[in-house]
Amino acid sequence: MTLDNHEELQKFIDLNEHYRTYLDEHDQCRPDERKFSQMRSIQILENFLQHSYGSSMIRFGNTTVICSITGQLTKPSLKSLRSGFIQTVVLLPRTQAWSTYGRRQQIINENLTLSQHLLDIIHKSKLINLEDLCIEEGKWVWCLQIDFQCLNNDGNLFDSCLFALNVALRHTKLPTVKVDPDTQKPLVYTKDLRTFSYNQEQEPLCCTIAIYEYNQQYQFLIDPTLEEETIAKSLLHYVLLKNDQICLIHKTSGAPFSIEKFHQCYSLAHDYILQLRSKLNQQN
């Protein structure tokens with residue numbers, strides 16, 4: 001048996017023990033040669049989908065996500081005649097979504113949870129004003145469809161999706177729409193595009209931290225891979241706005257956590273998100 005095959009067998013039998021052994025043998029260096037607080041490389045491709053109003057493809061290490069923003073015209077709600085709608089959908093690779101290892105339903109639930117979290121962040125941060133989606137009060141509004149297609153999930157999907165959304169929004173343009181005074185039907189001018197107005201002063205970004213127990217104490221793994229998420233006691237998500245205001249803190253069930261550890265993780269998240277924001281601003 002070769003060394004590589006032996007390591008793969010050990011990972012299959014006990015991933016947690018394999019990870020702990022690796023840290024012992026490599027001076028607490030993660031299997032991808034990162035330190036606990038180190039992030040993976042990020043690659044960005046913006047506005048590459050021809051038939052969407054805004055798009056981006058983001059790679060966090062081996063995690064690859066496409067964000068596509070499209071829209072359709074619809075009637076407004078009777079409760080708010082000037083407000084449009086936003087829908088978010090997260091789709092995992094079919095090979096992972098239909099896994100034969102008993103995780104299919106769990107993955108589907110995680111999909112729905114992440115989709116709802118992203119929608120909640122958009123509303124809570126006021127990133128997009130629903131009234132900016134109004135064409136004519138009481139008649140027509142935009143319904144924005146924001147799709148996140150994960151081509152490869154190697155962990156930290158939350159951070160990747162939110163980062164991809166911000167990149168896509170920066171390049172989103174909507175066609176001009178006018179309402180015919182006679183028929184009251186919308187006229188869409190697809191060649192007359194206008195830059196979509198959103199609250200760029202907010203731009204929420206997320207930091208995911210995997211809480212891993214090593215040498216009888218918790219270690220905080222920034223930008224975790226899928227394997228690290230699997231063996232973690234729990235996952236902690238911080239979403240911060242541009243002014244460092246906390247938009248969301250979410251912790252999965254698992255390891256008990258003190259206030260001091262929350263403060264420690266906030267400091268790590270703050271530094272990580274500063275790096276993300278710097279990378280985001282380089283695209284302008």
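When reading the values below, keep in mind they use all heavy atoms of this one structure, side chains included, and skip hydrogens, waters and symmetry mates.
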Over 12 foreign heavy atoms within 6.0 Å of CD, Glu33: no
Lys173 NZ: over 12 foreign heavy atoms closer than 6.0 Å: no
Same cluster or not: are [X] and [Y] linked, directly or through other Ile, Leu, Val, Met, Phe, Trp or Tyr residues, by side-chain heavy atoms under 4.5 angstrom apart?
{"X": "Leu127", "Y": "Ile86", "result": "yes"}
{"X": "Phe48", "Y": "Leu151", "result": "yes"}
{"X": "Leu119", "Y": "Leu91", "result": "no"}
{"X": "Tyr266", "Y": "Tyr218", "result": "yes"}
{"X": "Val89", "Y": "Leu169", "result": "no"}

Residue pairs fulfilling side-chain hydrogen bond (donor to acceptor under 3.5 Å, both in side chains) with at least one residue in residues 120-130, sequence neighbours excluded: Gln116-Asp120
Thr225, Asn62, Asp223 screened by side chain to side chain donor-acceptor pair (under 3.5 Å) with Arg40, the one that passes: Asp223
Residues that Arg30 engages under side chain to side chain contact (heavy atoms under 4.5 Å, CB included), provided they are two or more places apart: Tyr19, Asp32, Arg34, Phe36, Leu221, Glu228
Listed partners of Leu274 passing side chain to side chain contact (heavy atoms under 4.5 Å, CB included), at least two apart: His270
What's the spacing between [X] [atom1] and [Y] [atom2] if we round to 0.5 Å?
{"X": "Lys233", "Y": "Gln219", "atom1": "NZ", "atom2": "CD", "answer": "13.5 Å"}
{"X": "Phe163", "Y": "Phe158", "atom1": "CZ", "atom2": "CZ", "answer": "15.0 Å"}
{"X": "Leu118", "Y": "Ile146", "atom1": "CG", "atom2": "CD1", "answer": "8.5 Å"}
{"X": "Cys161", "Y": "Gln149", "atom1": "SG", "atom2": "CD", "answer": "10.0 Å"}
{"X": "Asn152", "Y": "Leu92", "atom1": "CG", "atom2": "CG", "answer": "10.5 Å"}
{"X": "Ile211", "Y": "Thr252", "atom1": "CD1", "atom2": "OG1", "answer": "7.0 Å"}

Closest non-hydrogen atom pair between [X] and [Y], with its separation:
{"X": "Asn153", "Y": "Leu226", "answer": "O-CD2, 3.5 Å"}
{"X": "Thr74", "Y": "Cys143", "answer": "CG2-CB, 4.0 Å"}
{"X": "Ser197", "Y": "Asp132", "answer": "O-OD2, 3.8 Å"}
{"X": "Ser160", "Y": "Val65", "answer": "CB-CG2, 3.9 Å"}
{"X": "Leu241", "Y": "Pro204", "answer": "CD2-CB, 3.7 Å"}
{"X": "Asn166", "Y": "Tyr198", "answer": "O-OH, 4.2 Å"}

Are the side chain of [X] and the backbone N or O of [Y] linked by a donor-acceptor pair below 3.5 Å?
{"X": "Thr63", "Y": "Arg59", "answer": "no"}
{"X": "Ser83", "Y": "Leu130", "answer": "no"}
{"X": "Ser41", "Y": "Gly61", "answer": "no"}

Trace of the side-chain contact (heavy atoms from CB on, under 4.5 Å) decision for Ile222 with Ile209: CA-CA 5 Å; Ile222 295 292; Ile209 301 175; 3.7 Å; yes
Tell me, do [X] and [Y] make a side-chain contact under 4.5 Å, heavy atoms counted?
{"X": "Cys207", "Y": "Leu268", "result": "no"}
{"X": "Val141", "Y": "Leu73", "result": "no"}
{"X": "Leu49", "Y": "Ile66", "result": "yes"}
{"X": "Arg277", "Y": "Leu205", "result": "yes"}

Pair Asn281-Arg170, side-chain donor/acceptor within less than 3.5 Å: yes
Side-chain donor-acceptor contact under 3.5 Å, Gln145 with Asp147: yes
Derivation and outcome, side-chain contact (heavy atoms from CB on, under 4.5 Å), residues Lys279 and Ile44: CA-CA 9 Å; Lys279 189 73 175 178; Ile44 303 172; 4.0 Å; yes
Co-members of Ile259 in a cluster of I, L, V, M, F, W and Y side chains, linked at under 4.5 Å: none
side-chain hydrogen bond (donor to acceptor under 3.5 Å, both in side chains) involving Thr208 - partner list, sequence neighbours excluded: Asn156, Asp159, His237
Near-ring test Phe257/Phe262, centroid separation under 6.0 angstrom: yes
Side-chain ion pair, Lys178 and Glu136, N-O less than 4.0 Å: no
Sidechain N-carboxylate O distance under 4.0 Å for Lys185, Asp180: no
Worked verdict on Gln202 versus Lys242 for side-chain contact (heavy atoms from CB on, under 4.5 Å): CA-CA 5 Å; Gln202 298 294 69; Lys242 262 189 177 179; 5.8 Å; no
ring-ring contact (aromatic ring centres under 6.0 Å, His included): pairs with one or both residues in residues 72-92, sequence neighbours excluded: none
Worked verdict on Tyr238 versus Tyr272 for side-chain contact (heavy atoms from CB on, under 4.5 Å): CA-CA 10 Å; Tyr238 282 89; Tyr272 169 83; over 6 Å; no
